[in-house]
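Structure record follows, encoded as structure tokens.
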Number of protein chains: 4
Amino acid sequence: MSDTVGIAGGQIRAFIERIEHIEAEIAELNEGKKEVFAEAKGEGFDVKILKEIIKLRKQDQEERDEHDTVLDLYMRAMDEDEKAPAKKAA
Amino acid sequence: MSDTVGIAGGQIRAFIERIEHIEAEIAELNEGKKEVFAEAKGEGFDVKILKEIIKLRKQDQEERDEHDTVLDLYMRAMDEDEKAPAKKAA
Amino acid sequence: MSDTVGIAGGQIRAFIERIEHIEAEIAELNEGKKEVFAEAKGEGFDVKILKEIIKLRKQDQEERDEHDTVLDLYMRAMDEDEKAPAKKAA
Amino acid sequence: MSDTVGIAGGQIRAFIERIEHIEAEIAELNEGKKEVFAEAKGEGFDVKILKEIIKLRKQDQEERDEHDTVLDLYMRAMDEDEKAPAKKAA
DNA sequence: AACGTTGAAATAGTTC
DNA sequence: GAACTATTTCAACGTT
């Protein structure tokens, strides 16, 4: 029975280590990102804005329009309500 | 149709204001925390250590929960394995 | 000497408990927030958008304009560069 | 003046693209992780438990670091106390 | 007082 | 669609 444990243990260990290795690589790349942003900041750029651009580029154009439309709708509704409170049952 | 907007606007405004009210209360409490820490510091205590202690006390509770979860998980896994002992001598 | 520890210990305990009490209140309020959002969701509103509105309202209007200007500037600069790459030394 | 924009635009574009490139690599590695987990699952292992183990191993390391930090913190606090024994018999 | 560092909170994505 | 995990964002803190 110790064999069973041994074999499975070896496999488990192998899987675990493969994952941990990949995660180490990801961590390195994230370090790299930090460095790039630090460099950009050193050049005088606004890092927050850069991140925002990256996010926007990731978004599909359609989604962006859809999102803006809904946001605009909600804010207009609120504004309307402030100007003319409670004409609900007109 | 402006009615529709008006009604929804009122609801939106109400939800937003409830949230903003709650967040204002939270902000006050956070001010309170800062004051307590400032007072402790004034008494000569090391604020960083106090925070560590608080953190550890939180962790203790969480880890106890976590521990139970993992233990449960492992025991289930063992049970599964017993039911389907699998592939060993393949 | 046990007195020193005792006295300080009492004070430490008191500070810790005051903080933990405040944090418990904050946790409750956060629960309250969750409930409000859940209720809004139940009414058919888009919680994500509501959160965005709250964030926007927190921002000062000037900051918001400034932010939009800079974002726009950066994106235009990038677009310009894409259309007319490297006429730098003209 | 369009030159100024052009130059900055080029820099902005370059930073953005460097980040996007890094993020693409990270995305690939995450794909790799998924494949490893899928393979493990194919071998009959419980992926959830594997993830638990990985998490625990990370925590162990972090806690060791944390432990050292806290220990250091406490010892320094003791030293401080020795230098300024303070207020006892006031 | 600006800067980077760190820790906590919010948000997004993923899985069941 | 609900819960959980992972990522990203924001705020506090000490440091220079």
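We name chains A, B, ... by the order of the sequence lines, and we start the count at 1 in each one.
The CG-P distance, from Asn30(C) to dA9(E), rounds to 8 Å in whole Å. Nucleotide dG4(E) holds its C1' atom 14 Å from the CD atom of Glu31(A), rounded to whole Å. Here the P atom of nucleotide dA12(E) and the NZ atom of Lys58(A) are 12 Å apart, to the nearest Å. The separation between Leu29(B) atom CG and dA12(F) atom C1' is 17 Å, rounded to whole Å. For Phe37(B) and dA8(E), the CZ to P distance is 10 Å, given to the nearest whole Å. Spacing between atom NZ of Lys55(A) and atom C1' of dA10(E) amounts to 11 Å, rounded to whole angstrom units. As a whole-Å value, the separation of Ile49(D) CD1 from dC16(E) P is 13 Å. Rounded to whole angstrom, the span from the CG atom of Leu50(C) across to the P atom of dT11(E) amounts to 11 Å.
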> Yes or no on side chain to side chain donor-acceptor pair (under 3.5 Å) for Gln59(C) and His67(C), after CA distance, side-chain angles and deciding distance?
Replying inline: CA-CA 10 Å; Gln59(C) 283 180 356; His67(C) 171 269; 5.8 Å; no
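Nucleic acid contact for Lys48(C): sugar-phosphate only, since backbone atoms but no base atoms lie under 4.0 Å from a heavy atom of the residue. Within the nucleic acid shown, Lys51(D) has no heavy atom closer than 4.0 Å to any nucleic acid atom.
Remark: Glu66(A) engages Val70(A) in a side-chain contact (heavy atoms from CB on, under 4.5 Å) (not counting sequence neighbours).
With respect to Glu20(C) and Lys58(B), no salt bridge is recorded, no charged nitrogen being found less than 4.0 Å from a carboxylate O. Between Arg13(A) and Glu17(A) a salt bridge is recorded (basic side-chain N to carboxylate O distance below 4.0 Å).
With distances taken from any side-chain atom of Lys34(D) to the nucleotides dT8(F), dA12(E), dT15(E), the minimum falls on dT15(E).
Atoms CD1 and NZ, from Ile53(C) and Lys55(C) in turn, are 12.5 Å apart once rounded to the nearest 0.5 Å.
Residues Glu52(C) and Glu66(D) both approach DNA chain E. Their nearest nucleotides, taken by heavy-atom distance, put Glu66(D) toward the 5′ side. Each of Lys41(D) and Ile26(C) was assigned the nucleotide of DNA chain E with the nearest heavy atom; the assignment lying further toward the 5' end belongs to Ile26(C).
Close to dA10(E), at under 4.0 Å from its OP1 or OP2, lies a side-chain N or O of Lys33(C).
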